[in-house]
Amino acid sequence: MTRTGDKPEVAVGPMRPGATLGFFGYSLRKNGLRTRYVGDVTEFGDGDVLDLPGRPEIAGMPGHSPGSVAVHVPVADAVFVGDALTTRHVLTGRTGPQPAPFTDDPAQALDSLDRIAGLPASWVLPGHGAPWRVSPGEVGEAVREG
């Protein structure tokens with residue numbers, strides 16, 4: 001997607017006016033409407049260990065968007081999952097673990113949460129919402145029950 005710019009049409013889902021306006025206000029304050037084009041792309045994939053401090057490990061998380069990944073940082077005892085899930089829905093304000101909005105393939109995104117189940121960590125850090133102190137092994141089930 002970085003190279004082509006193509007993005008599939010996806011269903012937005014439910015919205016609450018206050019939460020949605022707050023999200024758009026935040027986006028405006030952070031120049032979210034200004035297009036920034038990617039200059040350089042460094043590719044990495046599932047199973048790669050990055051040559052960075054803490055030796056972060058990559059877990060492929062397809063579903064939210066092509067190329068979505070989680071980054072496990074053992075030294076931080078955390079897994080950064082980006083938009084693979086959220087603990088605060090930006091359009092409804094609903095809190096708790098749940099699929100993120102604007103997801104290309106919700107079923108695949110939900111299945112991808114099982115890919116982090118074996119990672120040893122105490123924190124799961126979503127792209128939106130509060131950090132979640134939980135074993136990655138419990139994430140998929142908790143989101144499905146939510």
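Sequence positions, counted from 1, serve as the residue numbers for this chain. What you see is a predicted model; the values in this text were computed from it and never measured.
The closest donor-acceptor contact from the side chain of R115 to the backbone of A59 lies at 3.5 Å or more, if one exists at all. In this structure, D48 contributes its side chain and I58 its backbone to no donor-acceptor pair below 3.5 Å. Side-chain atoms of S68 come within 3.5 Å of backbone atoms of S65 as a donor-acceptor pair (strictly under, hydrogens ignored).
Pairing each heavy atom of L110 with each of R144, the nearest pair is O-NH2, 3.4 Å. Of all the heavy atoms in G63 and T103, the pair that sits closest is O-CG2, 3.4 Å. Nearest heavy atoms, D46 versus G60: OD1-N, 2.8 Å. Closest non-hydrogen pair, P136 versus A121, comes out as CD-O, 3.2 Å. Residues P131 and L125 share a closest heavy-atom pair of CB-CD2, 3.3 Å. Listed here is the closest heavy atom pair of P126 and G129: CG-O, 4.1 Å.
The closest side-chain heavy-atom distance from D104 to P66 is below 4.5 Å. Looking only at side-chain heavy atoms (C-beta outward), H72 and I116 stay at 4.5 Å or farther from each other. Counting heavy atoms from C-beta on, the side chains of E57 and P74 come closer than 4.5 Å. Within the 4.5 Å cutoff, side-chain heavy atoms of M61 are placed close to those of L113.
Between T92 atom OG1 and F23 atom CZ the span is 12.0 Å, to the nearest 0.5 Å. Distance CG/D83 to NE2/H64: 4.0 Å, rounded to 0.5 Å. Put simply, CG on L91 and CG on L21 are 10.5 Å apart, with the number rounded to the nearest 0.5 Å. Atom OG1 of T95 sits about 15.5 Å away from atom NE2 of H128, to the nearest 0.5 Å. We find the CZ-OG1 distance between R94 and T86 to be 10.0 Å, quoted to the nearest 0.5 Å.
Linking ILVMFWY residues whenever their side-chain heavy atoms come closer than 4.5 Å, directly or via other members, places V71 and V75 in the same cluster. Following chains of ILVMFWY side-chain contacts shorter than 4.5 Å, one can reach V134 starting from V81, so the two form part of one hydrophobic cluster. W123 is not connected to L119 by any chain of hydrophobic side-chain contacts under 4.5 Å among Ile, Leu, Val, Met, Phe, Trp and Tyr, and they are in different clusters. When hydrophobic clusters are built by joining Ile, Leu, Val, Met, Phe, Trp and Tyr residues whose side-chain heavy atoms come closer than 4.5 Å, directly or via intermediates, V49 is not grouped with L52.
Annotation: E141, atom CD; neighbour count of heavy atoms from other residues, nucleotides and ligands within 6.0 Å does not exceed 12. Taking a 6.0 Å sphere around CZ of R16, one finds it holds 12 or fewer heavy atoms contributed by other residues, nucleotides or ligands. Counting non-hydrogen atoms of other residues, nucleotides and ligands closer than 6.0 Å to CG of D51 gives a total of 12 or fewer.
For R88, there are no side-chain hydrogen bond (donor to acceptor under 3.5 Å, both in side chains) partners two or more places apart in sequence or in a different chain. In terms of the side-chain contact (heavy atoms from CB on, under 4.5 Å) criterion, residue partners of A76 (sequence neighbours excluded) are, by chain and number, V73, A78.
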Open item on the list: With side-chain contact (heavy atoms from CB on, under 4.5 Å) as the criterion, how do V139 and W132 come out once you've worked through the C-alpha distance, each side chain's angles and the decisive distance to 0.1 Å?
Closed with: CA-CA 10 Å; V139 171; W132 190 18; 3.8 Å; yes
